[in-house]
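Step one of this worksheet: look at the structure below.
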Amino acid sequence: MKSKIMEVFDGIQSDLSHKIRLKNSFAREDIRLIAGVDLAYWEEGEATVACCCICVLDFSTKKIIEIKSLIDEVNVAYMPGYLSFRELPLIMQTFKKLSNDPDLVMFDGNGYLHPRNMGIATHASFHLNKSTIGIAKSYLKINSVDFIMPSNNVGAFTDIVINRIVYGRALRTHKNVKPIFVSCGNWIDIDTATEITLELINNESRLPIPVRQADLETKKIKRRKSLLF
DNA sequence: GCGACAG
DNA sequence: ATCTTGTCGC
């Protein structure tokens with residue numbers, strides 16, 4: 001049984017979903033800056049609080065050139081399938097603090113690989129007006145479709161196909177390590193999303209550098225914050 | 001009642 | 001996401 005708020009959220013997302021375009025809106029050589037976004041949560045008394053962090057990476061040198069973060073109260077509960085409504089307010093606030101203007105944004109979560117093709121990466125693209133990619137660490141099952149484990153070598157992937165449409169990919173970024181789930185956010189195609197993701201993998205993590213750095217930074221700030229009380 | 005369930 | 005120690009493996 002779906003709650004009233006879920007019905008409202010469904011309406012918002014189905015309106016937006018008609019505008020999704022899974023084609024590159026850029027030339028590969030024009031990608032200079034790529035941002036990664038992540039959040040960490042904790043409790044402060046009765047309130048739920050989160051830290052959002054955005055890391056901007058120079059695609060040519062693979063170095064982080066800017067890190068911005070923001071802490072604020074979160075008032076939307078987590079509901080599987082509605083993550084964007086919980087995280088988008090903080091994300092948009094944090095983006096305002098950036099002095100660089102990324103050409104592409106990667107999110108911790110799904111994009112097109114979602115019941116309404118509107119995971120956080122896709123939903124956020126409409127607010128940011130930027131190409132986006134979804135990077136999830138675990139699989140969100142849709143219509144009872146399981147993913148097929150890719151073979152055990154770097155770069156191996158299997159398509160996640162639902163109703164004859166590719167929703168996303170299980171991608172192996174390291175040997176002997178669980179795959180990640182890559183999906184288009186918006187204004188990008190799945191092959192390009194896969195290629196860029198693989199280019200941003202180093203030995204430290206199965207996640208691409210921008211998302212990994214945002215994850216580390218968000219937890220660093222959280223530790224420093226909870227140590228204060 | 002039980003299992004599923006991005007983060 | 002978060003609560004948590006040691007431990008097995010490359």
Side-chain angles (χ1 to χ4, degrees), chain A residues 1-3 6 9-10 13 17 36-54 69 71-92 94 105-125 132-147 152-154 160 162 167-186 193 197 202-208 210-212 214-227 229:
Chain A
M1 190 53 191
K2 224 169 239 182
S3 72
M6 286 173 167
F9 287 167
D10 281 350
Q13 292 197 325
S17 67
V37 183
D38 194 24
L39 287 83
Y41 294 83
W42 66 93
E43 304 295 325
E44 279 190 10
E46 299 296 84
T48 297
V49 173
C51 170
C52 175
C53 179
I54 304 176
S69 62
I71 296 172
D72 200 2
E73 193 173 334
V74 174
N75 293 302
V76 180
Y78 171 71
M79 295 170 274
Y82 302 89
L83 179 65
S84 61
F85 294 97
R86 175 170 168 86
E87 302 201 331
L88 227 24
L90 275 253
I91 291 170
M92 294 312 295
T94 312
V105 185
M106 307 181 93
F107 289 84
D108 192 330
N110 293 315
Y112 199 81
L113 178 55
H114 178 276
R116 295 170 297 285
N117 305 124
M118 284 290 291
I120 187 156
T122 308
H123 197 150
S125 74
T132 60
I133 298 174
I135 303 290
K137 296 181 290 297
S138 64
Y139 183 59
L140 174 64
K141 201 181 210 177
I142 299 164
N143 293 352
S144 302
V145 175
D146 284 305
F147 77 94
N152 189 17
N153 47 65
V154 176
I160 295 155
I162 299 163
Y167 273 47
R169 278 176 178 168
L171 175 66
R172 189 83 68 173
T173 58
H174 285 293
K175 196 173 175 67
N176 298 321
V177 176
K178 289 188 300 182
I180 60 174
F181 302 88
V182 178
S183 58
C184 300
N186 202 359
T197 299
N202 61 22
N203 312 0
E204 271 129 66
S205 172
R206 68 181 167 130
L207 300 175
V211 170
R212 168 63 168 168
D215 178 66
L216 290 174
E217 191 66 20
T218 211
K219 284 169 178 160
K220 194 181 300 175
I221 291 169
K222 176 182 168 177
R223 281 197 304 273
R224 164 149 62 76
K225 202 70 187 174
S226 55
L227 214 68
F229 284 105

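Values below: every heavy atom of this structure, side chains too, minus hydrogens, waters and symmetry copies. Below, chains carry the letters A, B, ... as their sequence lines are ordered, and counting in each starts from 1.
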Legend entry - Nearest-neighbour nucleotide for the A:I120 side chain, B:dA6, B:dG7, C:dC3 considered: B:dA6

Inset, instruction - Provide the closest heavy-atom pair for A:T122 versus A:S125 in the form atom of the first, atom of the second, distance. - result: O-OG, 2.6 Å

Legend entry - Main-chain N/O of A:Y167 paired to A:S183 side chain as donor or acceptor, under 3.5 Å: no

Legend entry - Donor-acceptor pair, side chain of A:Q13 and main chain of A:M118, under 3.5 angstrom: yes

Inset, instruction - Give a yes/no answer on whether the side chain of A:K141 brings an N or O atom under 4.0 Å of OP1 or OP2 in B:dA6. - result: no

Legend entry - Spacing between A:N143 atom CG and B:dA4 atom C1', to the nearest angstrom: 14 Å

Inset, instruction - Sequence neighbours left out, what pairs pass salt bridge (Lys or Arg N to Asp or Glu O under 4.0 Å) with at least one residue falling in residues 80-89 of chain A? - result: none

Legend entry - Between C:dT2 (C1') and A:L39 (CG): distance, integer Å: 14 Å

Inset, instruction - Nearest whole angstrom, please: distance from the P of B:dG7 to the CZ of A:F9. - result: 19 Å

Legend entry - A:N110 side chain, from C-beta outward: closest of B:dA6, B:dC5, C:dA1: B:dA6

Inset, instruction - For A:L113, report the nucleic acid contact type (base, sugar-phosphate, nothing); a contact means any heavy atom under 4.0 Å. - result: nothing

Inset, instruction - Remember a base hit wins even if backbone is also touched, and classify A:K175 as base, sugar-phosphate or nothing at under 4.0 Å, heavy atoms. - result: nothing

Inset, instruction - For A:Y82, report the nucleic acid contact type (base, sugar-phosphate, nothing); a contact means any heavy atom under 4.0 Å. - result: base

Inset, instruction - Return the nearest nucleotide to the side chain of A:K222; candidates are B:dG7, B:dC5, C:dT2. - result: C:dT2

Inset, instruction - Write down the distance between CD1 (A:I91) and C1' (B:dG7), rounded to a whole number of angstrom. - result: 10 Å

Legend entry - Audit row: A:I120, A:I91, side-chain contact (heavy atoms from CB on, under 4.5 Å) steps and yes/no: CA-CA 10 Å; A:I120 187 156; A:I91 291 170; 3.7 Å; yes

Inset, instruction - Scan A:F181 against the nucleic acid and name what it touches under 4.0 Å (heavy atoms): base, sugar-phosphate only, or nothing. - result: nothing

Legend entry - C:dT2 to B:dC5 separation - C1' atoms, rounded to the nearest Å: 15 Å

Legend entry - Between A:T48 and A:E43, a side-chain donor and acceptor under 3.5 Å: yes

Legend entry - Residue pair A:T94 / A:V37, side-chain heavy-atom distance below 4.5 Å: no

Inset, instruction - Using atom CD1 of A:I142 as one end and atom C1' of B:dA6 as the other, report the distance to the nearest whole Å. - result: 9 Å

Legend entry - Parallel, tilted or perpendicular, as decided by the 30° and 60° cut-offs, for the rings of A:F181 and A:Y139: tilted

Legend entry - Side-chain donor/acceptor of A:T173 to backbone N/O of A:R206, under 3.5 Å: yes

Inset, instruction - Give, ordered by number, those residues of residues 73-81 of chain A having at least one heavy-atom distance below 4.0 Å to an atom of DNA chain C; if nothing qualifies, reply none. - result: none

Inset, instruction - Select base, sugar-phosphate, or nothing to describe what A:A50 touches, counting heavy atoms under 4.0 Å on all strands. - result: nothing

Inset, instruction - Return the value, rounded to whole Å, for the distance between atom CD1 of A:I221 and atom P of C:dT2. - result: 13 Å

Inset, instruction - List the steps, then state whether side-chain hydrogen bond (donor to acceptor under 3.5 Å, both in side chains) holds for A:Y82 with A:D10. - result: CA-CA 9 Å; A:Y82 302 89; A:D10 281 350; 2.8 Å; yes

Legend entry - Protein-nucleotide distance (A:D146, atom CG; B:dA6, atom P), rounded to Å: 14 Å

Inset, instruction - Return the 5'-most residue of the pair A:N176, A:K219 with respect to DNA chain C, ranking by each residue's nearest nucleotide. - result: A:K219

Inset, instruction - Anything below 3.5 Å on both distances counts as a pair; with that, list the stems of at least three consecutive Watson-Crick or G-U pairs involving DNA chain C. - result: none

Inset, instruction - Determine: side-chain N/O of A:S138 to OP1/OP2 of B:dG7, distance under 4.0 Å, yes or no. - result: yes

Legend entry - Length of the NZ-C1' vector between A:K178 and B:dA6, whole Å: 13 Å

